[in-house]
**Q** 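Structure incoming, see below.
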4 protein chains.
Amino acid sequence: MKKPWGGRFKKKTDSAMERFSASVDYDQRLYAYDIEGSIAHCKMLAKCKIIAAAESKKIVVGLNKIRKEIESGRFVFDAALEDVHMNIESRLIEIVGPVGGKLHTGRSRNDQICLDVRLYLRHETCEIQRLLQRLNRALFAQAKKTVDHIIPGYTHMQRAQPVRLAHHLLAYLEMLGRDADRLWDNLKRIDVMPLGAAALAGAGYPLDRAYVAKLLKFPEISHNSMDAVGDRDFMIEFCANASILMMHLSRFCEELVLWSASEFDFVELSDAFTTGSSIMPQKKNPDAAELTRAKTGRVYGNLVSLLALMKSLPMAYNRDLQEDKEALFDTVDTVKDCLEVFGGMIQSARFKKIPVQRLESAGFLTATEMADYLAERGVPFRQAHEITGKAVALCIESGRQSLSELSLAELKAMWPKFKADIFDYLTIEGCVDRKNVYGGTARKQVMKQIARWERKLKNN
Amino acid sequence: MKKPWGGRFKKKTDSAMERFSASVDYDQRLYAYDIEGSIAHCKMLAKCKIIAAAESKKIVVGLNKIRKEIESGRFVFDAALEDVHMNIESRLIEIVGPVGGKLHTGRSRNDQICLDVRLYLRHETCEIQRLLQRLNRALFAQAKKTVDHIIPGYTHMQRAQPVRLAHHLLAYLEMLGRDADRLWDNLKRIDVMPLGAAALAGAGYPLDRAYVAKLLKFPEISHNSMDAVGDRDFMIEFCANASILMMHLSRFCEELVLWSASEFDFVELSDAFTTGSSIMPQKKNPDAAELTRAKTGRVYGNLVSLLALMKSLPMAYNRDLQEDKEALFDTVDTVKDCLEVFGGMIQSARFKKIPVQRLESAGFLTATEMADYLAERGVPFRQAHEITGKAVALCIESGRQSLSELSLAELKAMWPKFKADIFDYLTIEGCVDRKNVYGGTARKQVMKQIARWERKLKNN
Amino acid sequence: MKKPWGGRFKKKTDSAMERFSASVDYDQRLYAYDIEGSIAHCKMLAKCKIIAAAESKKIVVGLNKIRKEIESGRFVFDAALEDVHMNIESRLIEIVGPVGGKLHTGRSRNDQICLDVRLYLRHETCEIQRLLQRLNRALFAQAKKTVDHIIPGYTHMQRAQPVRLAHHLLAYLEMLGRDADRLWDNLKRIDVMPLGAAALAGAGYPLDRAYVAKLLKFPEISHNSMDAVGDRDFMIEFCANASILMMHLSRFCEELVLWSASEFDFVELSDAFTTGSSIMPQKKNPDAAELTRAKTGRVYGNLVSLLALMKSLPMAYNRDLQEDKEALFDTVDTVKDCLEVFGGMIQSARFKKIPVQRLESAGFLTATEMADYLAERGVPFRQAHEITGKAVALCIESGRQSLSELSLAELKAMWPKFKADIFDYLTIEGCVDRKNVYGGTARKQVMKQIARWERKLKNN
Amino acid sequence: MKKPWGGRFKKKTDSAMERFSASVDYDQRLYAYDIEGSIAHCKMLAKCKIIAAAESKKIVVGLNKIRKEIESGRFVFDAALEDVHMNIESRLIEIVGPVGGKLHTGRSRNDQICLDVRLYLRHETCEIQRLLQRLNRALFAQAKKTVDHIIPGYTHMQRAQPVRLAHHLLAYLEMLGRDADRLWDNLKRIDVMPLGAAALAGAGYPLDRAYVAKLLKFPEISHNSMDAVGDRDFMIEFCANASILMMHLSRFCEELVLWSASEFDFVELSDAFTTGSSIMPQKKNPDAAELTRAKTGRVYGNLVSLLALMKSLPMAYNRDLQEDKEALFDTVDTVKDCLEVFGGMIQSARFKKIPVQRLESAGFLTATEMADYLAERGVPFRQAHEITGKAVALCIESGRQSLSELSLAELKAMWPKFKADIFDYLTIEGCVDRKNVYGGTARKQVMKQIARWERKLKNN
């Protein structure tokens, strides 16, 4: 197979090298963007009279034909032609004759690949936003259903204070909401048209770059040709955002795995998102959550890979940049798969209502309440904290599981001004609803956030 | 030393454990933000009548006194008191008596540390923007001086096409400009007031969170208390942005190191930013560039450290979160140091003008021009590329260093319609100025970008 | 302050640059190794008659004096002198006069720092092995005490099969045992004497490198001077080993955190290794475990930092290499701290014995036993698995918590040949002791491993 | 498709989940190891009379048949059967009937996959060693040819001292030699037989694990069943070693890229391992070196991915562990491809001899020699360094490129005792051969190392 750049070469490429350097195995997924970009470039060349209108039409017809060939699976990609660009161009020349060679006028693979990837990532960013919305809606629906489920809130995995399950779920909505914001911010930097940079110095033809941008719906064009061919920021930023998003999912996964354990038993995941064991017949494993948690590492790895790739690369283009794509594609695929499965898992999960006795049976969830009771009555908080600590210690020593089991006499021995109203403070429900500050877990506050999210999810 | 949480504990903390878990060694740098936040919290407690106005005043006086003690170096931080918060609170109680214990009403260290770090990172983001501007101005000044310096543009470290040095330098301005944009985007997510979340469930007191936000100039307050105490996104996003910024610097460093080598000899770095060798008396080493390049790895490492830290952490607060600070502080310090030194290095660098003969002596920088010449005359680009490739091969075989050394006859043997005007295309200057597309390296385009950056740098 | 390399320099170093490039803040911790190496180098110079014996003695006396000054805290390190080497050399010349300048004959800071770090890391590797042994002994002691504690074994955090707690703890001994092996393997590559490489090309003096190696107890000397000054493999290998070690600890931490939760309640960590909450008086948090888990990310980050640092560095020495030290030091410190605290935490932990009813109350821990019962009686395993799966489903539907609650009649309805002996298979203890293959959790096998570890720990 | 674990499940698996959790797309590459392991397990079951000899034979025949079906491409893997194990087992039962279900007796997928991966990685480690040897031989051959090529040795990319090219190349042999050592060390920990661990607690059958180990040529068997199913150390260690190996290649790549630049022009890479540009006809790009350099980031990323994956995973098996394979496979493939291409690139490279004038024309390569001349004559090294620094400064000011261009009078003005013999020190060749310490770049020393490597490469 003759190389399109073979003019000055004497020996042919080593076969291991050919396989090693070919990217068509993975960059062929960009074909639609490559063709879309080529059509825009071609129309512009005609508009600028760099090629004739008739030539342009012929090329566009050829490109559309190739698109159909690829879509129908009839197109054979050839590694000897290195990449998606050369595979398409070579077929174009077969179809339309030597005039196909004019398509590459004023363009280089260096700016062409940047265009393709930007079109691709713009599209995929929108897909991810859609999947994120779907997950957020599932989460929101569960939150709405669980306003009156009370669970232990944990710090250090120790029972700390009781919270509404809806409040807990809404915390994830906040995280995922920030993920969406970051992805939109990123999109501003993806959505920039690089064509016209050519190899590195800018094209030597009077191209109308703004026209190409208009055809391809880019709000902005790149300002420096050397930057345009060497910039991979938008990918790294995407992978960093994806890493944070996956980190959020991993935290939720961890909780779903724990909550599915018989020790917690807060949730039952659907059969549709769990699997069994080949050896232990009783098992029902939270695989979707475990796999998503694991794939977090994979997305982190892709980010590191790109950062290491770019470190210390001199300008402008280096072949190293070819290695950016698999990490990016894998990140996009992984995030989409995880969001899809996670959405289904949440939507089909059944959160169980925990009986109050279970909440009171361990962890002294209402201890802060006693301290607050004292503080409200003028005891400096530090001292209030200490008195309560001693009450907890007394319960533990005497085998009582809740502060409400202490007698008023025992309490008065620790602080003489205790009155019977202390016992109102030590109920789970009261404890939750006293957290009535904006953003707190009191019913009123949780309902306020549910209303806020209802609006937010409607607007998207 | 009695622990502020010691009520229910019987045994004292192991001494290795005490050292291990104390954070005051590094979090003491947050003291000013901690005090500022405490003052705002205290004023709000009084406004809401949770504590008396007189108590509030006393506490504020005490806090201001502590600030002065720390600033003057008289304050002794004690690891047994664990962290900056407890060191300050404990001293406060010494100064103002038990009323000092009321400051912690409606607050937890969990939300307090979030506040401190957000105040800190807001401040440091602005500092970094300032240093970035300073570097950008130095870069801009160099670009303005080097519009007429022509250097070889490289791809694959092979000479590709000649470019203006200013164009090359402006590419870095584009990169650093995006870095600034990302940091501003990040700031929106830093600038959120978390106080009121208390331990995790929200405060049990009727706090006026909006008032605290107003006093501390936060445009937004957090919407979910569990998210508020567990959210470290804004730090990770910062570290990701810092990684991209350092990646840009590392690329520039690589070029400065190469350009300082006698093989390139494009720049002379100032004595003030280079050092010598303890054994080789002739050496003048580009240490500032090498160290900055190296510190890129360090910033990457901090990012990985935070991502790994957060993976799979269940809600809400876990002690793991304490380990976020050193990675963040180190990233802030490293970025600031690098920007400062880099700015000085650029400002004091002397870029050398490369004689035309050197540009013509290797690399066939004008080869694309010949291909474009052919393409403009109707030869399909692919064929034009091949003809030029053969012309290059002919030069190499016959020991000629530039395509302009070929005779018209030799050229005609390759393509009969060559005319003498081809030699106009093969001058370095002509080659550069034919790249006259927006964002290209032609003089006109470079001047346009210089004007654009002049405006941008003025507005900041 | 005059630079030792200032001969050809005209301008003085910028003050920000001076701070930026100085390493003495952190490399001063190498002083003892630096002096030890210098003494050996100096003795060798005299032995080879490169300097006079009297000169050598004078220098050695001076170096010993400096060591004492540093140990007693009287030595003032000066950043203007850049690093530990120059600080010591400069003081040496103050003490012994110009003859001190002869110490650097045949040596460069490039090979000197390699020597220092190798001496340091050899020492610290042994320290880490000692701390690892200490932890392993604590773990072993706990295993010995808990042979008859049966806990649920988990896969996917779902109860899978009952195991002996000792068996679970011994799994960590296996992991930590491999960590020790890896560190010993690493030591072979640390323990190589680099001095004599000078700047990069080898010393220009007839040095007796083997003699230096002998004085410093190195079994091997480096074979290539350029490799010697640029090799940082041994550090990266160390950091990779440290990462795996920390990963093991993080897994154990995760379990200790869970087991301390009231939902599991398998262990009580000592007050000496836990802390309380500033707001929630009942809390007893497994901070040592959480912090160790978090520090895993930090050690990972250091590894990434070094790998990124070294990528694509041309030979031989580059100033980038100075940035290797903080990541290494931090890794050493972190691993040592974690091992120390972890050892204490394990030693002082109280593992609780779980009542059989709790083991039988959830998770169908004996289900595999039923499948094995069937398989032993000729039912192909796949079919046995399915029958048992249905038995589990029947229990769940009918609200029974253990397979042993099914009647023989019910069982026969699923497989007619069930006999009463099936109920022997469904006891927890029987289930454990039937896992009597080498490496299994049966009492006999666990005792065998305890004996094996007793021998192994004695030999170290 | 009926799941092999479906007994207790009511709803069928969601289709997105089925795709998400299936591993057969990538784990099918383990088929040969899976079958090999199954045959050994099956023979052992018969030997231990757990299944009948006739049954065993039938199963082995079936397994061998499946192997042939796969090898010939006739086997259809089905994602609904999840993984390679279930695909093979399911086909086995089709072929041999229900008796095929007996193969899984005493085994779980948890230990089975560990066995497969260990067999795989043992094989691939040996393949990598072979490719490493091949590269080392190519490198050695080049070193042998270039003993008398002198190049500038660089530190900080500044010319430092002249070195033999062979010496430079031998430095890479040292690095790659350590890589081989590390991989052998790793192999000890790969080569451990895990089967018998079953799901986590050990098999419930009297298996003869030693016999399986013997059949599969494992020198050791695992000692703890819970560790056996959860241990991924050997993979991470492999990925860490691969990262260090790639780091070494990346350094060499960097140099080959630079040396191919017209500014250095030290090497010409073969057409077979370079490619051209689609737009710039003169280009000959060192793509193999650039791609290998880039793939370093990829291998780093895989390491990070595995470390993040394993962090904080509780015992014993979690589905997360399934995500280990793609990172491992990709690392193996990448390292093998890079070694193969790198070997070819080195073998076919033509290193150019650099004329002495070029060596003398810049960088003052002999400056250390002058300092050593002075030191040998009793001037303390520090002072000798300073005098030489001034001589360099004088050359620069007066436009002379080499110290040998100074007159004796000029030299005497700096140090009165200079004699004419100084000029012998200032020749390039003399300078190289005075580095005659073990490991130095003098001809004698380089020949010694060549002899050493000749022996080493013969023995492998």
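Note on naming: letters A, B, ... go to the chains in the order of the sequence lines (proteins, then strands), and numbering restarts at 1 for each one. Model, not experiment: these values are computed from the prediction.
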**Q** For the residue pair B:S402 and B:E360, confirm or rule out a side-chain donor-acceptor distance under 3.5 Å.
**A** no
**Q** Between B:T388, B:L307, B:L365, which has the largest tally of heavy atom pairs under 4.5 Å with chain D?
**A** B:T388
**Q** Pick whichever of B:S260, B:A362, B:P152 has the most heavy-atom pairs under 4.5 Å with chain D.
**A** B:S260
**Q** Check this for me: does any side-chain nitrogen of one of B:D320 and B:K311 sit under 4.0 Å from a carboxylate oxygen of the other?
**A** no
**Q** Sort B:S312 into side chain, backbone, both or neither according to what part of it lies under 4.5 angstrom from a heavy atom of chain D.
**A** neither
**Q** Taking side chain as everything from C-beta outward and backbone as N, CA, C, O, which of these in B:Q158 sits under 4.5 Å from a heavy atom of chain D? Side chain, backbone, both or neither.
**A** both
**Q** Which class fits the ring pair B:Y425 and B:Y373: parallel under 30°, tilted 30 to 60°, perpendicular over 60°?
**A** perpendicular
**Q** Please work out whether the ring planes of D:F252 and D:F342 are parallel, tilted or perpendicular, with thresholds of 30° and 60°.
**A** tilted
**Q** Please flag which part of B:L258 lies under 4.5 Å from any non-hydrogen atom of chain D: side chain, backbone, both or neither.
**A** side chain
**Q** So which part of B:D265 gets closer than 4.5 Å to some heavy atom of chain D, the side chain, the backbone, both or neither?
**A** neither
**Q** Answer with side chain, backbone, both or neither: which region of B:E254 has an atom nearer than 4.5 Å to a non-hydrogen atom of chain D?
**A** side chain
**Q** Using a strict threshold of under 4.0 Å (side-chain N to carboxylate O), is an ion pair present between B:E376 and B:R434?
**A** no
**Q** Between B:L309 and chain D, which part of the residue has a heavy atom less than 4.5 Å away: side chain, backbone, both or neither?
**A** backbone
**Q** Any carboxylate oxygen within less than 4.0 angstrom of a Lys/Arg side-chain nitrogen, looking at B:E369 and B:K435?
**A** yes
**Q** Are D:E255 and D:Y154 linked by a side-chain donor-acceptor pair shorter than 3.5 Å?
**A** no
**Q** Which region of D:T155, side chain (C-beta onward) or backbone (N, CA, C, O), has a non-hydrogen atom less than 4.5 Å from a non-hydrogen atom of chain B, or is it both or neither?
**A** both
